[in-house]
Amino acid sequence: AVVSTQSTGLEFMMSELENNKRRALLSFWIFGLCNNFGYVIMLSAAYDLISKDSTKDDTYCGKRSTGAILLADVLPSLAIKMVAPTFIHRIHYNVKVSGAAILSLASFIMVASSTNFTLILFGVALAALSSGLGEVTFLALTSHFERSVITAWSSGTGFAGILGATLYLAFCLVLSPSQTIYLMIIIPCIELIAYWFILIRPATLNEPPGGFEPLLESEEGESIAVDTKGMESGKCFEMKNTLAKFLTGVMELRYYMGSLFLVYASEYLINQGMFEIMWYKNISWSMKVQYRVYQVVYQVGVTISRSSASLIHFKRIHMFSILQFLNLVLFACEARYQFIPSIWITIVLILYEGLLGGACYVNAFYSIYNEVPAHRREYSLGLASVSDSFGIVIAGILSTFIHNYICKFRLT
């Protein structure tokens with residue numbers, strides 16, 4: 001009877017653990033979906049947003065590039081990622097997740113209700129703040145769960161792309177862009193439901209921040225705990241060690257951060273510098289529809305590759321960066337000389353572009369999770385996320401110059 005009771009208790013515990021794991025996987029998939037959704041919607045709507053007070057000529061060149069939307073959609077996110085490692089660990093996950101959802105909700109309302117371009121950019125910036133805060137929060141949160149949640153998170157972020165771009169394309173066939181964006185306010189609500197009601201949050205999330213913290217490692221690889229609260233010059237000491245920790249982290253992750261930077265800079269130069277002027281006249285789709293279709297196809301590629309880490313894993317991710325840069329050269333030549341005869345060939349190339357970008361992302365973070373020691377894993381995952389945002393910022397700046405150069409070439 002005792003053995004039977006013990007066996008039943010063990011089976012119950014295993015069942016509970018398996019149930020918690022399933023709920024964690026579902027929750028992180030939803031987190032990835034919701035966190036990237038606003039970002040995707042803003043980029044999918046970029047052509048419509050710049051057209052609210054800007055007209056295009058017969059070369060489809062206007063006074064603004066969609067690169068302006070891209071910069072507003074990523075600069076605030078990059079700023080959060082740069083400064084977050086110095087203080088974000090002191091804020092409870094409950095506050096961070098709720099804050100990200102509120103910012104996302106405000107961004108959809110602001111962009112949908114505004115006709116002034118400055119206010120539109122402000123609304124897009126709120127979406128970027130939400131995405132940046134959410135990414136550093138949820139990537140750090142993965143360190144409290146099994147590594148499989150990394151794949152779930154990556155799959156969710158990829159699916160956000162295809163779902164967001166497809167929904168925007170579909171709803172805009174029957175609704176206005178503003179009405180479509182209003183509908184998206186349900187997304188941050190789903191994010192909150194997943195965190196508060198689906199995820200089983202471990203007790204480690206309630207550990208008080210600050211105090212003794214492993215800021216450095218000894219030469220033997222052991223953590224050196226530093227009690228900053230008990231030191232008279234604690235703040236200065238902590239700042240020095242934070243800087244040292246940051247520089248050490250960058251050096252350790254330079255291969256992955258460099259690869260992420262190049263692949264994202266290349267693909268966003270394509271998406272926001274080329275897509276809006278890669279148009280085909282002799283088909284029934286308008287330029288706005290063509291742009292939205294490009295965004296959907298790109299996101300399909302990202303979704304497929306970001307969901308692949310559990311099936312196949314690549315350690316040499318620099319090859320994705322090199323191939324993406326070659327894609328950039330090809331698309332730049334097409335935008336200027338328009339030598340690709342069919343839009344369907346362009347669509348296949350865009351799908352390939354998305355596959356490369358998603359593969360680089362998921363394999364980089366999967367490798368970091370596996371290779372970085374457990375006590376530095378949370379920090380390293382958040383730090384690595386800075387590199388892709390920095391690449392996108394560079395792309396946003398350069399895309400405006402590329403847009404103007406190609407448009408000047410076409411006009412002459």
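Note that these values count all heavy atoms, side chains included, but never hydrogens, waters or copies made by symmetry.
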(message) Can you tell me how the ring of Phe159 sits relative to the ring of Trp29, calling it parallel under 30°, perpendicular over 60° and tilted otherwise?
(response) tilted
(request) Using a 4.5 Å cut-off on heavy atoms from C-beta on, say whether the side chain of Leu323 contacts that of Tyr352. (result) yes
(message) Main chain of Ile109, side chain of Ser113: is a donor-acceptor contact present, judged purely on distance under 3.5 Å?
(response) yes
(request) Go through the side-chain N and O atoms of Tyr168 and Asp48 and say whether any donor and acceptor fall under 3.5 Å apart. (result) yes
(message) Which residue is it: Thr157, Thr151, Val149? I am looking for the one with a side chain to side chain contact (heavy atoms under 4.5 Å, CB included) to Trp153.
(response) Thr157
(message) I'd like to know if the side chain of Tyr280 pairs up with that of Thr346 as donor and acceptor (distance under 3.5 Å, no hydrogens or angles considered).
(response) yes
(request) List for me each residue that meets side-chain hydrogen bond (donor to acceptor under 3.5 Å, both in side chains) alongside Tyr294, sequence neighbours excluded, and say none if there are none. (result) none
(request) Establish, from distance only, whether the side-chain atoms of Gln295 and Tyr291 form a donor-acceptor pair under 3.5 Å. (result) yes
(message) Tell me whether the rings of Tyr195 and Phe31 are parallel (<30°), tilted (30 to 60°) or perpendicular (>60°).
(response) tilted
(request) Find out whether Asn271 and Glu353 are in side-chain contact, i.e. whether some heavy atom of one side chain is under 4.5 Å from a heavy atom of the other. (result) yes
(message) Testing the 3.5 Å rule here: is there a donor-acceptor pair between the side chains of Gln272 and Ser399?
(response) no
(message) For the residue pair Arg336 and Tyr405, would you count it as a cation-pi contact if the rule is NZ or CZ under 6.0 angstrom from the ring centre and within 45 degrees of the ring axis?
(response) no
